[in-house]
Structure formats: C-alpha cells, structure tokens
Trainee: 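One structure, pasted below without further comment.
Worth knowing before you read on, the calculation uses all heavy atoms, side chains too, and leaves out hydrogens, waters and symmetry mates. In each ligand, atom 1 is the first atom listed, and ligand 1 is the first ligand listed. We're numbering straight along the sequence, starting at 1.
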Amino acid sequence: MNNAITLPTAPRRFRMFIGGQFTDGAAGELSTRHSPGHGVPVAQWPIGTADDAEHAIREARQAFDHGPWPRMSAGERAVVLFKIADLIAANADELGLIESLETGKPITQAVGEIDGAVDVWRFAAGAARVMKGDAHNNLGERVLAVVLREPLGVVGVITPWNFPFFILAERLPFILAAGCTAIVKPAEATSGSTLWLCELLAQAGLPPGVVNVVTGRGAVVGQRLLDSDSIDMVSVTGSTETGRKAIAASAGNIKKLGLELGGKNPHIVFADADLDDAADGVAFNAGQCCVGGSRLVVERSVAEVFTAKLAEEMCRIRVGDPLDARTQVGALFDKGHMEKVLGYVEEGVRMGATVVCGGGRTGDERGYFMQPTLMTGVHPDTPLLREEIFGPVLAVVPFDTFEDAIAIANDSIFGLSASIWTKDLSKALRAMCQVQAGRVWINTTMDNGPETPLGGMKQSDLGREAGLAGIEEYTEVKTAHINLLPRARWIA
Ligand code: NAD
C-alpha cells in the first residue's frame with residue numbers, strides 16, 4: 001500500500017444539487033460506494049427518485065425559460081466558465097483522489113484526467129464567444145437571409161462510471177457555453193466528482209437551476225430524463241444497450257439525442273511498423289476505456305514475433321493499488337464486472353483460444369485486479385471478438401493483405417476508434433480513409449484534445465462532442481428571410 005495517500009477512515013458524504021441547493025432528495029436513502037481497489041467504503045450520496053428528477057427538470061426549465069443564463073452575452077458566460085475551470089484546477093488533487101477511489105483507476109491517471117478536464121472547460125469558455133449565426137446577402141437585392149444559432153434548451157446529461165469527470169467535461173461546458181441549462185445524472189457508483197463539481201459551480205457564481213445533479217439508478221432517474229416532455233435533448237454516454245433505450249424513449253417528444261456508446265476497437269499493425277513502439281502503444285490501456293484497443297489485427301508475417309514482444313510488454317505492466325503513484329492499471333469496477341471479464345476469457349479458451357499472457361486475477365484479494373491478458377487462436381465467432389468486454393483483454397487476429405486488414409477491422413457493429421501502425425505513409429492514409437471509426441490514430445493511440453470533435457460511427461454514436469461541433473450540438477439553427485424592397489403583390 002502506498003504511504004503517501006491514505007485511505008479515508010469514513011466515506012465522504014455528498015448531496016445532490018437542485019435549483020442551487022444541496023439536498024438529500026425526497027426519499028433520503030443513501031448509496032455507499034466501496035473502493036474497488038481496497039474494499040472499503042469511500043463515498044455516500046442519495047439515491048434520487050423520479051420526484052427528484054422532476055424537481056430538477058422544473059428548475060432547469062425555469063432557469064432556461066426565465067433565468068439570466070441564456071440571456072447573457074457569450075462573453076459574460078465565458079467569464080463564469082473560466083472561473084469554474086480555475087476552481088477545478090485548484091481542486092485537481094482532491095477530485096483525482098475521489099475518482100481514483102470510486103473508479104479504481106490509478107491516481108496519476110485520475111489526476112491527469114482532471115487536468116485534461118480543465119483544458120476542455122477553458123476551450124469551451126473561449127469557444128462560447130466564437131459561436132454565432134450567419135448572413136446570406138447573395139440571394140438577390142430583394143432578400144437578406146440571416147441564420148441564428150440559439151441555445152437548444154434544457155439538456156439531460158447521463159454519464160458512465162469509467163470517466164465520470166472527463167466525460168462530463170466533454171459535454172457540460174459546451175452545453176453551458178451555448179446558453180443551455182442542464183440536469184446531470186452521473187453513474188450510480190461513481191457520482192462523487194460530479195457532486196463535488198457542484199460546490200465549484202456555486203462558488204463561480206453560476207445562477208441557480210442552470211446545472212442540477214440528481215444521483216440514483218439509471219432505470220429510475222435516467223429513464224425519467226429520457227421520458228420527460230420538458231427536456232429538449234439528452235446526451236447519453238454509456239453502453240449501446242442504454243443508447244437503444246434512449247432512442248425508444250425519445251419518441252415521446254421527439255427530443256434530440258446525443259449518444260456516445262460502446263466500441264470494439266482495432267489496432268492494425270502492419271509488418272513494416274516500428275514493432276517495439278507499436279507493442280508499447282498496443283499494450284497501453286487495453287482495458288476499461290471506450291476507445292481503448294481490444295482487437296489486435298496484425299500482419300501474419302510478423303504476428304508471432306509481435307505477439308511475443310507484446311506479451312513481454314504486457315507482463316511488465318504494473319497492476320495494483322490505485323493510490324500508488326507507480327501503478328499503471330488499477331482495479332476492475334466491481335466483483336460482477338471482474339467475473340464477467342474472466343468469463344469472456346474462459347469462454348474464449350473453451351472455443352479454442354490460447355492465453356499468451358495474463359488470464360486471471362492478481363494482487364490484493366480485497367481488490368478486483370486482473371492481469372493484462374493477451375489471447376491468440378481466437379475463433380472468429382467468439383464474443384471475445386464481437387462484444388465489448390471493457391476489461392484488460394486483447395484478442396489477436398492475423399491478416400494477409402491490406403484489404404483483409406480493413407475488412408477484419410470493420411467487421412463489427414461498433415465504429416468508435418482505430419489505431420494504425422506502419423512506417424508507410426500512403427498505406428497509413430489509405431487505412432485511415434477506409435477504416436470505419438470516428439477517431440483514428442496513426443502510429444499513436446488515444447491522443448485527444450478539446451479542439452477536435454469526437455464521436456464514432458455505426459452503433460457507437462449519434463452526434464459529436466468537443467471542438468466547435470461540441471457547441472453546435474447544443475444549439476438550434478433558425479433561418480429568417482428579410483424582404484428589403486416593396487413586395488410584388490400576390491393578389492393583384
Ligand atoms: P451503462 O450504459 O450501464 O450506464 C451509463 C449511464 O446510463 C449510467 O449513468 C446509468 O445509470 C444510465 N442508465 C442505465 N440505464 C438507463 C436507462 N434505462 N435510462 C436512462 N439512463 C440509464 O454504461 P456504464 O457501464 O456506466 O459505462 C460503460 C459503457 O460506457 C461502455 O459501453 C463504454 O464503451 C461506454 N462509454 C462510451 C464512451 C464514448 O465516448 N463513446 C465513453 C465512456 C464510456
């Protein structure tokens with residue numbers, strides 16, 4: 001156990017945030033999160049009800065329809081967003097600790113994500129002032145057309161457990177920059193950092209009701225947001241199954257949806273790649289991350305040598321106590337999730353696959369730690385290659401030609417991300433154009449920045465987040481034609 005950061009002696013107590021007030025909600029029931037790396041209780045927050053969700057929707061609606069936020073200039077909104085970014089930066093260590101304890105991810109990664117989130121809040125604050133309409137003065141001398149961009153309205157934001165703070169940062173500041181108001185429903189088990197953020201929103205002077213946070217079950221609080229006729233858009237980040245529920249529910253008032261869902265992302269490694277570098281990149285974060293690689297599509301002539309290199313790298317990954325600054329891979333989310341991931345490995349073996357590295361539990365038994373796992377000889381129909389495992393398991397599929405590589409990479413219902421490893425630039429660019437993925441990396445993986453839009457293809461996504469597209473998502477476009485000359489009468 002790392003001595004620098006100690007485990008809390010009692011769970012940290014959080015409250016929901018509705019209409020600018022901290023509250024335990026209508027039922028007063030509490031949920032307790034145990035650290036998946038240590039097995040001790042680390043946080044508590046209310047289990048919100050459908051009534052709490054309704055209360056938050058009313059507050060957000062009131063703040064949008066009658067409050068100051070949508071009516072301020074973008075410059076005034078930017079000032080508040082910059083203040084929030086500064087406050088997040090000042091609280092980065094504390095927020096990182098909350099994230100690490102609740103998700104099981106390594107503390108260095110967690111703090112790094114908070115720093116990344118500050119950057120996104122700052123980008124969105126600046127971008128607020130760039131968002132604008134358009135004028136068309138090329139329609140003839142009689143007509144001038146103007147295009148207005150208006151804030152979309154009240155937005156529900158439903159987030160997953162794996163990147164609670166960063167995923168929120170890729171949505172909430174853009175929603176606020178556009179002039180919308182929001183109700184956030186964080187994941188049941190990792191709500192702490194979102195609730196802590198509410199303190200910072202209040203300190204920065206965000207008007208009451210502009211952001212409301214209701215914790216609780218997806219099927220209760222989340223579903224109420226999806227079903228509500230008083231909400232104009234819901235952004236859901238989570239599994240493809242939850243995305244399907246959102247699509248079904250949106251029929252009620254034809255609300256707009258933003259969906260960021262699952263992935264089954266390929267690393268395509270060509271024989272001419274820098275194999276040492278590629279092995280390091282492929283080994284990185286093959287785990288509980290939506291855009292992390294989970295299929296290794298490797299050219300057959302180097303498959304054996306590359307797999308051996310990769311296995312060597314993966315065996316050196318430091319798995320263990322999330323609070324130890326040296327740890328590279330922390331704990332799985334909970335016992336059920338760990339058993340599910342181990343089940344995928346067992347089923348793969350039953351269908352003929354070989355475990356080249358890892359394959360089982362490791363470390364302190366109070367935590368849910370699993371060895372980074374590499375599997376070869378994988379049957380094409382095994383769920384290992386088809387389903388999102390969301391654990392540190394990488395399945396190897398060899399290919400013979402460029403066309404095979406692309407066909408294998410694209411043989412998935414998902415299209416979130418892909419990484420391409422080769423020294424041949426024209427081959428890299430051809431692969432970049434042909435691979436079906438919203439995010440592509442060449443000779444690198446998982447690079448990111450708030451300037452660039454992100455999202456996926458096929459069943460991974462609907463809409464885009466971040467970049468200027470990230471604000472456009474939360475605006476309505478209104479077009480007006482203005483007559484400049486006396487009208488020719490229709491009825492003579
Ligand atoms: P999940 O789908 O179980 O839950 C996500 C959120 O949806 C949670 O807040 C949950 O409470 C809520 N929810 C569940 N059922 C609901 C319902 N009926 N109505 C409304 N809300 C409901 O996902 P998870 O296990 O928290 O997160 C892992 C998943 O998220 C993976 O599939 C991963 O790929 C995906 N993910 C995608 C991205 C991306 O950018 N594409 C990023 C992170 C995670």
Trainee: Could you tell me whether C289 approaches ligand 1 through its side chain, its backbone, both or neither, with non-hydrogen atoms closer than 4.0 Å?
Mentor: neither
Trainee: Will you find, in the side chains of E113 and Q109, an N or O donor that is under 3.5 Å from an N or O acceptor?
Mentor: yes
Trainee: Do F333 and P36 make a side-chain contact, defined as non-hydrogen atoms from C-beta onward lying under 4.5 Å apart?
Mentor: no
Trainee: Nearest protein heavy-atom contact for atom 8 (C) of ligand 1: which residue, which atom, what distance?
Mentor: T159 O, 3.3 Å
Trainee: Go through the side-chain N and O atoms of T242 and S239 and say whether any donor and acceptor fall under 3.5 Å apart.
Mentor: yes
Trainee: Counting only heavy atoms, which portion of E465 has something under 4.0 Å from ligand 1: side chain, backbone, both, or neither?
Mentor: neither
Trainee: What protein heavy atom lies closest to atom 28 (C) of ligand 1? Include the residue and the distance to one decimal.
Mentor: F390 CE2, 3.6 Å
Trainee: For ligand 1, does L226 get within less than 4.0 Å through its side chain, its backbone, both, or neither, judged by non-hydrogen atoms?
Mentor: side chain
Trainee: I want to know if ligand 1 touches K185 in the polar sense, i.e. an N/O pair below 3.5 angstrom.
Mentor: yes
Trainee: Report the nearest protein non-hydrogen atom to atom 4 (O) of ligand 1: residue, atom name, distance rounded to 0.1 Å.
Mentor: T242 OG1, 4.2 Å
Trainee: Which ligand 1 atoms are under 4.0 Å away from a heavy-atom of G222?
Mentor: 19 (N), 20 (C), 21 (N)
Trainee: Between D461 and R439, does any NZ, NE, NH1 or NH2 come within less than 4.0 Å of an OD or OE carboxylate oxygen?
Mentor: no
Trainee: Mind checking whether T240 contacts ligand 1 via backbone (N, CA, C, O), side chain (CB onward), both or neither, at a 4.0 Å heavy-atom cut-off?
Mentor: neither
Trainee: For Q223, counting its heavy atoms only, list the atoms of ligand 1 lying under 4.0 Å from any of them.
Mentor: 17 (C), 18 (N), 19 (N), 20 (C)
Trainee: Looking only at protein heavy atoms, which one is nearest to atom 23 (O) of ligand 1, and how far off is it?
Mentor: S239 N, 3.5 Å
Trainee: Report, in ascending order of atom number, the atoms of ligand 1 lying under 4.0 Å from any heavy atom of E188.
Mentor: 10 (C), 11 (O)
Trainee: Yes or no: does G456 have any heavy atom under 4.0 Å from an atom of ligand 1?
Mentor: no
Trainee: Which distance, rounded to the nearest 0.5 Å, do you find between the CD1 of I231 and the CG of N253?
Mentor: 8.5 Å
Trainee: If you count the atoms of ligand 1 from 1 in the order shown, which ones are under 4.0 Å from a heavy atom of A187?
Mentor: 9 (O)
Trainee: Less than 3.5 Å apart, any donor N or O on the side chain of D334 or H34 sitting next to an acceptor on the other?
Mentor: no
Trainee: Using a heavy-atom cut-off of under 4.0 Å, does the side chain or the backbone of V291 touch ligand 1, or both, or neither?
Mentor: neither
Trainee: Between R217 and Q223, do the side chains contain an N or O donor and an N or O acceptor separated by less than 3.5 Å?
Mentor: no
Trainee: How close does the nearest protein non-hydrogen atom get to atom 24 (P) of ligand 1, and which residue and atom is it?
Mentor: W161 CD1, 3.4 Å
Trainee: I want to know if ligand 1 touches C290 in the polar sense, i.e. an N/O pair below 3.5 angstrom.
Mentor: no
Trainee: Backbone or side chain, does any N or O of R439 fall under 3.5 Å from an N or O of ligand 1?
Mentor: no
Trainee: Considering heavy atoms of the protein only, find what lies nearest to atom 27 (O) of ligand 1 and give residue, atom and distance to 0.1 Å.
Mentor: P160 CB, 3.3 Å
Trainee: Rounded to the nearest 0.5 Å, how far does CG of D115 lie from CZ of F166?
Mentor: 10.5 Å
Trainee: Which protein non-hydrogen atom lies closest to atom 22 (C) of ligand 1, naming both residue and atom, and how far is it?
Mentor: G218 CA, 3.5 Å
Trainee: Relative to ligand 1, is I158 under 4.0 angstrom through side chain, backbone, both or neither, heavy atoms considered?
Mentor: side chain
Trainee: How about E94: does its CD atom have over 12 heavy atoms from other parts shown lying under 6.0 Å from it?
Mentor: yes
Trainee: So, Q371 versus T362: side-chain donor-acceptor pair below 3.5 Å or not?
Mentor: no
Trainee: Using a 6.0 Å distance limit plus a 45 degree cone around the ring axis, check whether R386 lies over the aromatic ring of Y344.
Mentor: no
Trainee: Please work out, at 4.0 Å between heavy atoms, whether the side chain, the backbone, both, or neither of E241 comes within that distance of ligand 1.
Mentor: neither
Trainee: With heavy-atom distances below 4.0 Å as the criterion, list the atoms of ligand 1 near I167.
Mentor: 42 (C), 43 (C)
Trainee: At the 4.0 Å heavy-atom cut-off, does P186 count as touching ligand 1?
Mentor: yes
Trainee: Can the positive tip of K105 be found less than 6.0 Å from the middle of the six-membered ring of F163, inside 45° of the ring normal?
Mentor: yes
Trainee: Where does F163 meet ligand 1, judged by heavy-atom distances below 4.0 Å: at the side chain, the backbone, both, or neither?
Mentor: neither
Trainee: Within the supplied structure, the quantity of interest is the number of heavy atoms (other residues, nucleotides, ligands) at a distance under 6.0 Å from K340 NZ; does it exceed 12?
Mentor: no
Trainee: Under 4.0 Å, heavy-atom basis, I'd like to know which part of L261 is in contact with ligand 1: side chain, backbone, both or neither.
Mentor: backbone
Trainee: Of all the non-hydrogen atoms in the protein, which one sits nearest to atom 31 (C) of ligand 1, and at what distance?
Mentor: E388 OE1, 3.3 Å
Trainee: Answer yes or no: does an N/O atom from T237 fall short of 3.5 Å to an N/O atom of ligand 1?
Mentor: no
Trainee: Short list, please: which atoms of ligand 1 are under 4.0 Å from a heavy atom of L416?
Mentor: 41 (N)
Trainee: Scan side-chain atoms only and decide if R295 and S412 contain a donor-acceptor pair under the 3.5 Å cut-off.
Mentor: no
Trainee: Examine the proximity of ligand 1 to K245 and report which part, side chain or backbone, both or neither, has a heavy atom under 4.0 Å away.
Mentor: side chain
Trainee: Can you classify the ring geometry of F17 versus F22 as parallel (below 30°), tilted (30 to 60°) or perpendicular (above 60°)?
Mentor: tilted
Trainee: Between D65 and R58, is the closest basic N to carboxylate O distance under 4.0 Å?
Mentor: no
Trainee: Would you say that L394 contacts L310 through its side chain, given a criterion of any heavy-atom pair below 4.5 Å between the two side chains?
Mentor: yes
